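Just below is one structure, and these are the notes that go with it.
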Amino acid sequence: MVKKMAPFLVAAAAILWGVLVLFVRALSAGGFSAMDIVCIRAYGSVVFLLPGLFLVKRSLLCIRLRDCWCFLGTGVFSIVFFSYCYFRNVEVSSVAFASILMYTSPVWVTLLAAVCFRERITRRKLACLFLALLGCILVSGITGGLGAVSVYGILLGLGSGIGYGLYTIFGRYALNKGYHPMTVTAYTFLFACVGVLPFVRISSIIKGLNTEPRLWLLATGMAFLTTCLSFTLYTLGLQYLESGQAAVLATIEPIVSTLVGVFVYKEAMTGTMAVGIVLVLVSSILISRR
């Protein structure tokens, strides 16, 4: 049953990631920086995941020391690294440019999975990659003109795309070693908690959250819905899908973010963006078909 539902689990995770913007914007308005929000997300997730696993099935908390590199990869090299590159790129270039380079991740995942796991690069997979990337380009509005883009911005963008894709690669390694998806998710954010420390001040974040009860509610919702639940669904689906398939399905996320912007924040929806949404949905349907 879970195997048949795998594409839908990944799609559900992407939808939850897409609504993350609601929490991010609200917390940003509350005075938190981008890396503060990454920190809140990581620590909030650990607060849910570790006690939950301990109470329900504490054996899932057991890992082998020799396998820590898998969770170092998902937590630090992926979650912390891609978040830093992406948010920093938004500051030095533009949101559209940063977003489209981050969503080159399916390309990196497909290439790395072919090398690491001997996954075949089929014509259908290449076609879906092309459709997904083209759709993301159209949705991002990048075709409207970027202006001057620095080499630093390009490097940050490529870094965010590679880092974003590394969760799928390192997560696959952890799953192949027999770890449960909940174990992978829990230790991913435990390692992310350590990796984010150089960029934030925990005391300042707690002080900021204490200024208004609503901020604690937002932090809790972001940690549980868009992190604990979403990453668990994605990792569970990853058990039964090829890495490249999961990565392409996850490109539903920018579509959801765009729709949230249109319907919640009254941002403009152009014909080009609508075509992009259709292309991404078509690529997701094709990649998930048997």
Side-chain angles (χ1 to χ4, degrees), residues 9-58 60-61 71 74-76 78-84 86-87 90 164 167 171 180-237 250 252-254 256-261 263-265:
L9 294 175
V10 172
I15 291 170
L16 288 172
W17 289 331
V19 300
L20 174 64
V21 66
L22 294 170
F23 298 95
V24 171
R25 286 201 173 186
L27 288 169
S28 295
F32 295 99
S33 70
M35 289 309 294
D36 287 340
I37 296 171
V38 174
C39 181
I40 293 170
R41 195 182 186 197
Y43 277 85
S45 302
V46 167
V47 167
F48 278 112
L49 289 167
L50 294 186
L53 289 181
F54 182 81
L55 293 173
V56 175
K57 194 174 182 181
R58 64 188 64 181
L60 293 180
L61 291 173
F71 309 111
T74 56
V76 178
S78 178
I79 299 298
V80 176
F81 175 68
F82 107 74
S83 297
Y84 173 77
Y86 175 68
F87 291 130
V90 168
Y164 192 65
Y167 181 85
H180 191 276
M182 291 296 294
T183 304
V184 177
T185 305
Y187 277 93
T188 289
F189 285 96
L190 185 60
F191 275 77
C193 286
V194 178
V196 78
L197 284 177
F199 305 101
V200 298
R201 292 179 61 186
I202 301 294
S203 59
S204 297
I205 293 175
I206 294 175
K207 184 178 179 180
L209 288 172
N210 285 334
T211 59
E212 192 177 346
R214 182 180 65 92
L215 297 176
W216 278 107
L217 187 62
L218 288 167
T220 302
M222 180 179 67
F224 180 74
L225 293 174
T226 68
T227 310
C228 296
L229 183 58
S230 61
F231 276 91
T232 299
L233 290 173
Y234 182 82
T235 311
L236 187 61
I252 293 173
E253 178 187 347
V256 176
S257 297
T258 299
L259 294 175
V260 168
F263 292 107
V264 177
Y265 300 112

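None of the values given here were measured: they were computed from a predicted structure.
Atoms NZ and CD1, on K207 and I205 in that order, are 13.5 Å from each other to the nearest 0.5 Å. Here the CG atom belonging to L61 is positioned 9.5 Å from the CG atom belonging to L49, to the nearest 0.5 angstrom. Residue L217 holds its CG atom at 11.5 Å from CG of L209, rounded to the nearest 0.5 Å. Atom CG of L53 sits about 9.0 Å away from atom OG1 of T185, to the nearest 0.5 Å.
Annotation: F231 is in aromatic contact with Y167 [ring centroid separation under 6.0 Å].
For F81, the ring-ring contact (aromatic ring centres under 6.0 Å, His included) criterion is met by no residue, not counting sequence neighbours. Annotation: salt bridge (Lys or Arg N to Asp or Glu O under 4.0 Å) contacts of R214 (sequence neighbours excluded): E212. Considering only residues two or more places apart in sequence or on other chains, F23 meets the ring-ring contact (aromatic ring centres under 6.0 Å, His included) condition with none of them. Residues forming a ring-ring contact (aromatic ring centres under 6.0 Å, His included) with F191 (at least two apart in sequence, or on another chain): none. With sequence neighbours left out, the side-chain contact (heavy atoms from CB on, under 4.5 Å) criterion links I202 to C39, Y43, L197, V200, I206. With sequence neighbours excluded, the residues that form a side-chain hydrogen bond (donor to acceptor under 3.5 Å, both in side chains) with T227 are R41. In terms of the side-chain hydrogen bond (donor to acceptor under 3.5 Å, both in side chains) criterion, Y187 has no residue partners (sequence neighbours excluded). In terms of the ring-ring contact (aromatic ring centres under 6.0 Å, His included) criterion, F54 has no residue partners (sequence neighbours excluded). Applying the side-chain contact (heavy atoms from CB on, under 4.5 Å) criterion to V21, with sequence neighbours excluded, gives R25, V260. Every residue two or more places apart in sequence or in another chain that forms a side-chain hydrogen bond (donor to acceptor under 3.5 Å, both in side chains) with T74 is listed here: T188.
The minimum heavy-atom distance linking C193 with V46 is given by the pair SG-CG2, 3.6 Å. When every heavy atom of G75 is checked against every heavy atom of A192, the shortest pair comes out as O-CB, 3.5 Å. The minimum heavy-atom distance between I252 and A11, with the atom names listed, is CD1-CB, 3.8 Å. Nearest heavy-atom pair, A13 versus L233, reported as atom, atom and distance to 0.1 Å: CB-CB, 4.1 Å. Contact record, A250 with A14: O-CB, 3.8 Å, taken as the closest heavy-atom pair. Scanning both residues, A186 and L50, for their nearest heavy atoms gives CB-CD2, 4.1 Å.
Although no hydrogens or angles enter the test, the distance criterion places no donor-acceptor pair under 3.5 Å between the side chain of T232 and the main chain of M182. S83 places no side-chain N or O within 3.5 Å of a backbone atom of V80 that could act as its donor or acceptor partner.
Contact of the W17 side chain with the Y234 side chain is registered, since non-hydrogen atoms from C-beta on lie closer than 4.5 Å. Using a 4.5 Å cut-off on side-chain heavy atoms (C-beta onward), L215 and L218 make contact. At least one side-chain heavy atom of F189 sits less than 4.5 Å from a side-chain heavy atom of I79.
Legend: ring-ring contact (aromatic ring centres under 6.0 Å, His included) pairs involving residues 201-228, not counting sequence neighbours, sorted by first then second residue: F48-F224.
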Can you give each donor-acceptor pair under 3.5 Å made by side-chain atoms of residues 27-36, sequence neighbours left out, with the distance rounded to 0.1 Å?
residue : atom : partner : partner atom : Å
S28     : OG   : V24     : O            : 2.8
S33     : OG   : D36     : N            : 3.2
S33     : OG   : D36     : OD1          : 3.4
S33     : OG   : D36     : OD2          : 3.0
D36     : OD2  : S33     : N            : 3.1

